[in-house]
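These notes concern the structure reproduced below.
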Amino acid sequence: MFRMIAAVGAGGVIGKDGKIPWDLPEDRQMFRELTMGGTLIVGRKTFESIGGPLPGRDMIVVTSQGTGLLNKLKEKFAEDAIGAAGTIGTATGGQGSILAAKDFKQALRMSGDNEAFFCGGERIYEEGLKYAEVLYLTKVELNVEGDAFFPKDYESYFTMIDRTRLSANCTLLTYVKK
């Protein structure tokens, strides 16, 4: 099953200069709980902003850089963590594995039967709308500037089924496919 998870500020902002323009521990905790054990499908810029593999989760990075991304990862992680066929194997310290996909459809195929989450950036969210069965959307009640945005038409794909207040600054909205 494909799911989508995003935190969105006023005006649909999801990023600024390659970073998330807020720091909300309660949103990070919710993200961790929902995605633990799953596969995260992310774009290259999102992966670079995360900085590496996340504990307990595999990652598929959609990138046109292919071997260029793998070479960067070889420099950053132990040489023995590099797997065959252009994949990064299980890294040390309980980190998940990292794989590179040349495009979104290849990432879908690579995720297999695993529970997969579309986690950004902008293009991954745009392409993922038609595949996601569930959307976890944290509405961030802060006015921030941004240069990356969540698709405006997401409500034409989903119906809201739940609302949970995480803090004074954010609310988790859960949607299912229409």
Path from Met160 to Leu129 over hydrophobic side-chain contacts below 4.5 Å: yes
Could you walk me through whether Phe150 and Leu135 pass side chain to side chain contact (heavy atoms under 4.5 Å, CB included), step by step? CA-CA 12 Å; Phe150 196 74; Leu135 166 62; 4.0 Å; yes
Quick check: does any side chain N or O of Arg109 sit under 3.5 Å from a backbone N or O of Ala107, one acting as donor and the other as acceptor? no
Any side-chain heavy-atom pair from Leu40 and Phe118 closer than 4.5 angstrom? no
Student check: side-chain heavy atoms of Leu99 and Val61 closer than 4.5 Å: no
Taking ring-ring contact (aromatic ring centres under 6.0 Å, His included) as the cut-off, I'd like each qualifying pair that reaches into residues 3-22, sequence neighbours left out, listed once. none
Would you call Ile41 and Val62 a side-chain contact if the rule is heavy atoms closer than 4.5 Å? yes
Atom pair SG (Cys119) and CG (Leu54), whose distance is rounded to the nearest 0.5 Å: 8.5 Å
Side chain proximity check, Tyr136 to Met4, heavy atoms < 4.5 angstrom: no
Rounded to the nearest 0.5 Å, what separation is found between the CZ atom of Arg165 and the OG1 atom of Thr171? 3.5 Å
Within the distance-only criterion (no hydrogens, no angle test), does the side chain of Lys178 pair as donor or acceptor with the backbone N or O of Glu155 below 3.5 angstrom? yes
Closest non-hydrogen atom pair, Ala100 against Thr63: CB-CG2, 4.2 Å
When you look at Ile5 and Leu34, which way does the side chain to side chain contact (heavy atoms under 4.5 Å, CB included) test go after all the steps? CA-CA 9 Å; Ile5 188 165; Leu34 288 172; 3.9 Å; yes
Rounded to the nearest 0.5 Å, what separation is found between the CD1 atom of Ile14 and the CD1 atom of Ile20? 9.0 Å
Would you say Val8 and Val13 make side-chain contact, with heavy atoms under 4.5 Å? no
Are a donor atom and an acceptor atom from the side chains of Thr39 and Glu115 found within less than 3.5 Å of each other? no
Heavy-atom neighbours of Leu108 CG exceed 12 at 6.0 Å: yes
Closest approach of Gly18 to Ser49 (non-hydrogen atoms, all atoms of both residues): O-CB, 3.1 Å
Nearest 0.5 Å, please: how far is CD1 in Ile98 from CZ in Arg57? 12.0 Å
Test item: Gln106 side-chain N/O and Lys102 main-chain N/O as donor-acceptor pair under 3.5 Å: yes
Give a yes or no on this: more than 12 heavy atoms of other residues, nucleotides or ligands lie within 6.0 Å of atom NZ of Lys177. yes
Using a 3.5 Å distance criterion without hydrogens, assess whether the side chain of Asn114 forms a donor-acceptor pair with backbone atoms of Ala116. no
Look up atom CE in Met59 and atom OG in Ser111, then write down how far apart they are to the nearest 0.5 Å. 14.0 Å
Ignoring hydrogens and angles, tell me if any N or O in the side chain of Asp153 forms a donor-acceptor pair with the backbone of Ser156 under 3.5 Å. no
Above 12 or not: heavy atoms from other molecules or residues under 6.0 Å from CZ of Arg163? no
Does the side chain of Val134 reach to within under 4.5 Å of the side chain of Met1, using non-hydrogen atoms? yes
Nearest heavy-atom neighbours spanning Val140 and Ala7: CG2-CB, 4.1 Å
For the residue pair Asn143 and Ala10, what are the closest heavy atoms and their distance? OD1-CB, 3.2 Å
Interatomic distance, NZ@Lys45 vs CD@Glu48, rounded to 0.5 Å, equals 9.0 Å
Does the plane of the ring in Tyr131 sit parallel, tilted or perpendicular to the ring in Phe2? Use 30° and 60° as the thresholds. perpendicular
Heavy-atom check, side chain of Met30 versus side chain of Leu172, under 4.5 Å: yes
Contacts satisfying salt bridge (charged side-chain N to carboxylate O under 4.0 Å, His left out) that involve residues 19-41 (not counting sequence neighbours) are Asp23-Arg28
Does any non-hydrogen side-chain atom of Thr164 lie less than 4.5 Å from one of Asp162? yes
Does anything in residues 157-178 form a ring-ring contact (aromatic ring centres under 6.0 Å, His included)? List the pairs, not counting sequence neighbours. Tyr154-Tyr175
Between Thr35 (side chain only) and Phe31 (backbone N and O only), is there a donor and an acceptor less than 3.5 Å apart? yes
Can you tell me if CG on Asp113 sees more than 12 non-hydrogen neighbours from other groups inside 6.0 Å? no
